[in-house]
Amino acid sequence: MEGLWSELKGWQDTFTKGLEQFGGEVLHERQQEIKQLRTLVQTLTDTAVQLFTRHKCLPDSPNCPEHDTLLLLVTNIETHMSITDTRLSGENGVAAGLIRLMAPLETWDTKLNLALHKDSEKLYLADSDWLKMRAALKDWLGQVKTIRQCVGTTSITSSQETTR
């Protein structure tokens, strides 16, 4: 039982570290970096458009050929920054999945910890508790698979979709 408790504690620590990436100061810093990149891209785009306007390459064309290429590039950059923002914030379902996984892990951590380390007497888990643990493990595996599927996705997942 000590080994099981130790493993659960390790997974709980791992998931907690993962969740820290989606909140607080870490998330704020990353969002600020994305905001600075967007500002930089906008500044560079405005400067390039001004140059293209002043120095038209073809006399009969309203825009320089590179103008269209620049706009396509800026669109691609914005798409990739949005994808990055979705992944950083965990809105693709990873953060919600980790949060759902943490509550039962904490419950079983407490149960096993009490059974192992109660001061006055050792508590033992009933057979029904072990059956519940087995069912919880199966559920956790399913949740981990769902989280793994979300890791590479870029679409924003609603809270209703992630509670499946």
Side-chain angles (χ1 to χ4, degrees), residues 1-47 72-164:
M1 191 163 34
E2 183 80 35
L4 177 61
W5 178 68
S6 177
E7 283 294 318
L8 277 179
K9 195 76 172 146
W11 281 107
Q12 189 178 7
D13 292 344
T14 300
F15 293 146
T16 299
K17 287 178 185 172
L19 274 172
E20 288 172 359
Q21 302 301 310
F22 301 115
E25 193 62 32
V26 174
L27 178 61
H28 179 70
E29 286 176 15
R30 290 179 176 170
Q31 287 175 331
Q32 289 302 320
E33 290 173 4
I34 293 284
K35 185 177 178 181
Q36 289 173 346
L37 285 172
R38 280 193 169 107
T39 302
L40 180 61
V41 168
Q42 186 61 47
T43 301
L44 292 173
T45 302
D46 292 344
T47 304
L72 180 62
L73 178 65
V74 169
T75 302
N76 286 335
I77 289 171
E78 181 56 39
T79 300
H80 284 89
M81 282 197 286
S82 294
I83 288 169
T84 302
D85 193 40
T86 300
R87 288 181 176 173
L88 289 176
S89 66
E91 291 181 53
N92 58 354
V94 174
L98 288 174
I99 290 168
R100 277 193 318 281
L101 200 52
M102 286 300 295
L105 275 175
E106 289 171 355
T107 300
W108 281 100
D109 170 49
T110 303
K111 281 185 181 185
L112 292 172
N113 189 22
L114 282 173
L116 289 167
H117 302 108
K118 181 79 172 150
D119 289 337
S120 61
E121 61 185 62
K122 291 238 179 203
L123 296 175
Y124 295 97
L125 295 177
D127 290 342
S128 62
D129 287 331
W130 290 110
L131 291 173
K132 290 175 186 174
M133 168 65 93
R134 182 175 179 224
L137 287 171
K138 285 183 179 182
D139 184 47
W140 296 341
L141 283 174
Q143 288 181 21
V144 168
K145 286 179 184 177
T146 301
I147 293 168
R148 260 188 51 209
Q149 291 172 348
C150 293
V151 168
T153 63
T154 58
S155 59
I156 295 175
T157 306
S158 72
S159 59
Q160 291 174 345
E161 291 176 12
T162 58
T163 56
R164 283 188 263 170

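- Here the straight-line distance linking atom CE of M81 with atom OG1 of T84 works out to 8.5 Å at 0.5 Å rounding.
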- Message: Walk me through whether I34 and R38 qualify under side chain to side chain contact (heavy atoms under 4.5 Å, CB included).
- Response: CA-CA 6 Å; I34 293 284; R38 280 193 169 107; 3.2 Å; yes

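- Here the side chain of D109 pairs no donor or acceptor atom with the backbone of K9 at under 3.5 angstrom.
- Nearest approach of L101 to F15, heavy atoms of both residues: CD2-CE1, 3.3 Å.
- Between N92 and R87, the shortest heavy-atom contact is ND2-CG, 4.1 Å.
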- Message: Go through it in stages, so that I can follow the logic: the residues are F22 and L98, the test is side chain to side chain contact (heavy atoms under 4.5 Å, CB included), and I'd like the CA-CA distance, side-chain angles, deciding distance and then a yes or no.
- Response: CA-CA 10 Å; F22 301 115; L98 288 174; 4.0 Å; yes

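- For the pair L88/Q31, no side-chain contact is recorded, criterion being any heavy-atom separation below 4.5 Å from C-beta on.
- One finds the CG atom of D85 at 8.0 Å from the CG atom of L27 (value rounded to the nearest 0.5 Å).
- Interatomic distance, L4 CG to E2 CD, rounded to the nearest 0.5 Å: 10.0 Å.
- Under a cut-off of 6.0 angstrom, the local environment of CH2 in W5 is crowded, with over 12 non-hydrogen atoms contributed by other residues, nucleotides or ligands.
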- Message: Go through it in stages, so that I can follow the logic: the residues are L141 and L137, the test is side chain to side chain contact (heavy atoms under 4.5 Å, CB included), and I'd like the CA-CA distance, side-chain angles, deciding distance and then a yes or no.
- Response: CA-CA 6 Å; L141 283 174; L137 287 171; 5.8 Å; no

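- In this structure, NZ in K35 is found 8.5 Å from NE2 in H28, a value given to the nearest 0.5 Å.
- The two residues A95 and S89 have their closest heavy-atom pair at CB-O, 4.4 Å.
- Here CD of E106 is found 6.5 Å from OG1 of T16. Values are rounded to the nearest 0.5 Å.
- Residues M133 and L8 have side chains in contact (heavy-atom distance under 4.5 Å, counting atoms from C-beta outward).
- Around atom CG of N76, more than 12 heavy atoms belonging to other residues, nucleotides or ligands sit under 6.0 Å away.
- Note that CZ of R100 is 9.5 Å distant from CG of D139, once rounded to the nearest 0.5 Å.
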